[in-house]
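Beneath this line is the structure, given in structure tokens, with notes to follow.
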Amino acid sequence: MGYRLRDARPRVALWMLVALGDIVLLLAAAGLPVLFALLSVVTVTLAGVGVRRFARRGALAREDAATVPVAARRRA
């Protein structure tokens with residue numbers, strides 16, 4: 001019985017893009033210039049993604065993590 005390999009990489013969902021667009025529109029409606037609002041939302045989003053990736057890399061690549069030899073892994 002076969003199975004498909006699932007791609008578990010995080011993706012930007014459509015609702016995330018809609019939420020970011022809503023934030024830009026709210027900031028523009030509050031009086032901020034649209035370009036400034038857009039750049040500030042993009043900057044904060046990219047900073048959050050960078051911090052998350054940096055934090056996950058440290059958790060995944062610890063030196064004291066237990067390693068399993070390739071030969072000891074079970075094959076389905």
Side-chain angles (χ1 to χ4, degrees):
M1 193 178 342
Y3 63 93
R4 289 186 176 193
L5 293 177
R6 183 171 176 260
D7 187 11
R9 291 182 294 176
R11 303 225 188 277
V12 176
L14 180 60
W15 66 267
M16 291 180 190
L17 294 176
V18 170
L20 291 175
D22 288 344
I23 292 170
V24 169
L25 289 175
L26 286 172
L27 289 175
L32 262 67
V34 176
L35 183 61
F36 179 74
L38 180 65
L39 288 177
S40 63
V41 169
V42 168
T43 302
V44 169
T45 304
L46 290 177
V49 169
V51 166
R52 182 173 181 234
R53 286 188 178 200
F54 185 74
R56 288 190 65 196
R57 182 184 331 167
L60 293 176
R62 290 190 180 143
E63 292 180 18
D64 59 343
T67 58
V68 177
V70 176
R73 295 182 187 159
R74 280 183 56 189
R75 296 195 183 256

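Not measured: the values here are computed from a predicted model.
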### Task
Spell out, yes or no, whether F36 and I23 are grouped together once hydrophobic residues are joined by side-chain heavy atoms under 4.5 Å, including indirect joins.
yes
### Query
What are the two closest heavy atoms between L27 and V41, and how far apart are they?
CD1-CG2, 4.0 Å
## Note on the structure
Which of L46, T45, L39 passes side chain to side chain contact (heavy atoms under 4.5 Å, CB included) with V42? It is L46
### Message
Which heavy atom of A37 sits nearest to which heavy atom of A28, and what is that distance?
### Response
CB-N, 4.5 Å
### Task
Look at the side-chain heavy atoms of Ile, Leu, Val, Met, Phe, Trp and Tyr, link any pair under 4.5 Å apart, and say whether L38 and L32 land in one connected group.
yes
## Note on the structure
Output for pair (D22 CG, W15 CH2), nearest 0.5 Å, gives 12.0 Å
